[in-house]
Amino acid sequence: MYKLSQIPEEYKKKLITAEQAAALVKDGDRVSYGLGCAAPYDIDIEIGKRAKDLHGVEIVATTVVKDEPYAAYLNSDSNEQIRFATAHMNGFERKMSKDGRCWFIPILFNELPKYWENIDKLIIQVHPMDQWGNFNLGPQASDLRGLIRAAKTIILEVNQNMPKALGYETELNLCDVDYVVEGSNHPMPQIPNRAGTPVDDKIADYIIPMIEDGSTLQLGIGGIPSAVGRKLAESDVKDLSGHTEMLVDSYVDLYEAGKITGNKNRDKGKIIYAFAGGTQRLYDFINDNQIVFNAPVSYVNNVGVVASIDKFISINGCIDLDLYGQVNAETAGYQQISGTGGQLDFAQGAFASNGGKSFICVHSTRKFKDGHVESLIKPTLPAGTVITTPRSAVHYIVTEYGTALLKGKSTWERAEALINIAHPDFREELIKDAEKMGIWTKTSKISM
Ligand SMILES: CC(=O)SCCNC(=O)CCNC(=O)[C@H](O)C(C)(C)COP(=O)(O)OP(=O)(O)OC[C@H]1O[C@@H](n2cnc3c(N)ncnc32)[C@H](O)[C@@H]1OP(=O)(O)O
Ligand SMILES: CCCC(=O)O
């Protein structure tokens with residue numbers, strides 16, 4: 001630790017330009033850009049300028065909330081110069097992956113801080129330093145401590161727009177930092193809540209009556225969880241709390257609607273979260289606010305912690321599922337679309353909670369670019385598909401045709417429950433498939 005009087009001098013000694021920071025990246029380095037809003041802007045631009053002269057650099061980042069390609073990617077020509085890896089894919093990571101430039105790291109999100117090792121340079125954006133020499137890490141405590149532990153060199157890009165996130169393990173002291181860059185204060189990534197489609201709304205309408213007063217909510221990313229948040233804010237349900245991996249604008253809506261009392265049996269009065277992504281309204285809500293409490297994902301997504309919170313409600317989306325109830329939330333065949341993230345953590349934790357429920361939601365069909373329509377409840381999943389939540393861990397599946405309770409159900413009961421919430425145009429075909437698969441009985445009841 002530095003004495004208070006040493007801090008201004010030490011800060012000056014560590015202050016470098018973004019260009020100087022980028023020059024510290026050496027051939028063969030493994031560089032991390034952190035997670036969520038932590039990804040740097042100015043230093044990334046400078047690394048981009050050097051990209052063609054670099055060899056064998058790997059940039060690892062789990063952006064989730066940022067949908068803007070890195071300059072390091074845009075300005076490099078090949079993996080010989082810079083290659084990328086991520087524990088979760090979003091739009092531009094899917095593009096990098098299609099180009100053969102980005103690899104996926106399969107994770108259970110609650111374990112992520114423990115995975116990190118051999119990070120040569122950790123380069124992240126932070127909130128400006130306070131008088132005690134502490135930099136607030138912004139709203140992504142998530143896995144950052146794991147990265148800090150594993151990093152040989154830590155370079156901070158200070159961004160005055162980064163909200164100050166109160167919580168646990170949210171500060172890094174100047175004495176533990178190697179270099180500081182005062183950045184150009186890029187605005188925070190803006191991710192508005194998705195306007196729900198009529199199908200999202202129908203799905204939300206099935207879920208809302210199953211949420212009791214006094215529940216604690218985890219809402220995931222995507223249109224359906226957003227629709228649930230919006231409709232809950234307009235509903236009669238009351239006395240809600242938040243404990244969520246990703247903090248999104250829906251929580252501000254619920255708070256403003258007077259729905260959040262924080263009256264839960266653990267971390268009373270706090271909305272607990274691992275990382276945030278939303279609009280400026282969300283970042284303003286987070287800034288220096290004791291009500292929203294940022295914590296590492298090893299706590300937030302810990303199955304035991306989630307299980308210990310009564311009436312825990314987890315709502316997440318998926319890409320497709322099969323008649324056994326195996327859920328894929330991350331691939332389209334061989335193509336990685338997203339990631340396991342915390343889906344399995346919350347599915348298990350919510351089911352184990354007293355009065356808890358876990359919902360995995362999906363539209364019954366999808367219309368593809370060439371115009372053909374497929375049922376997203378499939379007899380078996382296509383080759384290459386990854387199982388995100390195994391059938392044993394799935395509680396409720398919800399489509400716009402209703403809810404299917406899978407826990408404790410036999411294979412044919414599952415097939416029956418799932419076909420009943422499949423699109424009516426596909427039910428007959430699915431029954432034939434279920435018969436072939438030996439998971440159908442003559443007594444099964446299906447509404448056509
Ligand atoms: C951050 C959190 O969610 S915390 C909660 C726990 N974590 C998780 O559940 C992680 C796994 N789940 C997820 O990532 C999401 O719920 C998803 C991806 C399954 C669904 O999210 P949504 O935003 O509703 O999905 P959306 O319909 O926009 O699809 C996302 C992308 O997948 C593509 N996609 C979706 N389904 C398919 C499909 N069957 N075939 C091909 N592409 C598909 C879409 O085209 C879109 O890609 P694009 O943006 O490049 O066009
Ligand atoms: C980084 C994990 C994000 C998710 O759970 O979707």
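One-based numbering, in listed order, for ligands and for the atoms of each. The chain is numbered in sequence order, starting from 1.
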A.B. asks: Closer than 4.0 Å and a protein heavy atom, does any atom meet both conditions relative to atom 51 (O) of ligand 1?
C.D. replies: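 Under 4.0 Å from atom 51 (O) of ligand 1, zero protein heavy atoms found.
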A.B. asks: According to side chain to side chain donor-acceptor pair (under 3.5 Å), who are the partners of Lys259, at least two apart in sequence or on a separate chain?
C.D. replies: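 Expected list: none.
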A.B. asks: Under 4.0 Å from atom 20 (C) of ligand 1, is there at least one protein heavy atom?
C.D. replies: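 Looking at atom 20 (C) of ligand 1, one finds that no protein heavy atom lies closer than 4.0 Å.
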A.B. asks: Kindly indicate whether atom 29 (O) of ligand 1 is approached by any protein heavy atom to under 4.0 angstrom.
C.D. replies: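 No, there is no protein heavy atom closer to it than 4.0 Å.
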A.B. asks: Below 4.0 angstrom from a heavy atom of Gly222, which ligand 1 atoms are there? Numbered from 1 as shown, please.
C.D. replies: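 Answer, ordered by atom number: 22 (P), 23 (O), 24 (O).
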A.B. asks: Salt bridge (Lys or Arg N to Asp or Glu O under 4.0 Å) with Lys152: which of Asp178, Asp120, Asp29?
C.D. replies: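 Going through the options one by one, the only one that passes is Asp120.
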A.B. asks: Pairs under 3.5 Å, N/O atoms on ligand 2 and on the protein: can you put them in a table with the distances?
C.D. replies:
| unit_1 | atom_1 | unit_2 | atom_2 | d |
| --- | --- | --- | --- | --- |
| ligand 2 | 5 (O) | Glu245 | OE1 | 3.3 |
| ligand 2 | 5 (O) | Glu245 | OE2 | 2.3 |
| ligand 2 | 5 (O) | Gly342 | N | 2.9 |
| ligand 2 | 6 (O) | His88 | NE2 | 3.4 |

A.B. asks: Give the atom numbers and elements of ligand 1 that come within less than 4.0 Å of a heavy atom of Cys318.
C.D. replies: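 Result: 19 (C).
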A.B. asks: Does any N/O atom on Arg366 come nearer than 3.5 Å to any N/O atom on ligand 1?
C.D. replies: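 There is such a contact, yes.
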A.B. asks: Might you work through the side chain to side chain donor-acceptor pair (under 3.5 Å) test for Lys311 and Asn354, ending with a clear yes or no?
C.D. replies: CA-CA 6 Å; Lys311 293 190 193 170; Asn354 251 327; over 6 Å; no
A.B. asks: Using side chain to side chain contact (heavy atoms under 4.5 Å, CB included) as the criterion, list what pairs up with Asn289, not counting sequence neighbours.
C.D. replies: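 So Asn289 forms a side chain to side chain contact (heavy atoms under 4.5 Å, CB included) with Phe285, Ile291, Val292.
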A.B. asks: For Ser338, enumerate each residue passing the side chain to side chain donor-acceptor pair (under 3.5 Å) test, keeping only those at least two apart in sequence or located in another chain.
C.D. replies: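 If we apply the side chain to side chain donor-acceptor pair (under 3.5 Å) test to Ser338, skipping adjacent residues, the hits are His88.
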A.B. asks: Give the intermediate values and the outcome of side-chain contact (heavy atoms from CB on, under 4.5 Å) for residues Ile148 and Leu137.
C.D. replies: CA-CA 11 Å; Ile148 289 165; Leu137 297 169; 4.2 Å; yes
A.B. asks: Quick one: which ligand 1 atoms are inside 4.0 Å of a heavy atom on Gly339?
C.D. replies: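 In order of numbering, the contacting atoms are 10 (C), 11 (C).
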A.B. asks: With respect to atom 46 (C) of ligand 1, which of Lys369, Glu374, Met89, Arg94 exhibits the smallest heavy-atom separation?
C.D. replies: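 That would be Arg94.
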A.B. asks: Tell me the protein heavy atom at minimum distance from atom 1 (C) of ligand 1, and give that distance in Å.
C.D. replies: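 That would be Met246 SD, 3.4 Å.
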A.B. asks: Tell me whether atom 25 (O) of ligand 1 lies less than 4.0 Å from at least one protein heavy-atom position.
C.D. replies: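 No.
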A.B. asks: For ligand 1, which atoms sit closer than 4.0 Å to a heavy atom of Ile337?
C.D. replies: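 Numbered from 1, ligand 1 contributes 31 (C), 32 (O), 33 (C), 34 (N), 42 (N), 43 (C).
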A.B. asks: Looking at Ala329, which atoms of ligand 1 are within less than 4.0 Å of one of its heavy atoms?
C.D. replies: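 With Ala329 as reference, the close atoms of ligand 1 come out as 11 (C), 12 (N), 13 (C), 19 (C).
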A.B. asks: Can you check whether Ala39's main-chain N or O pairs, donor with acceptor, with Tyr70's side chain at less than 3.5 Å?
C.D. replies: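 No: the side chain of Tyr70 does not pair with the backbone of Ala39.
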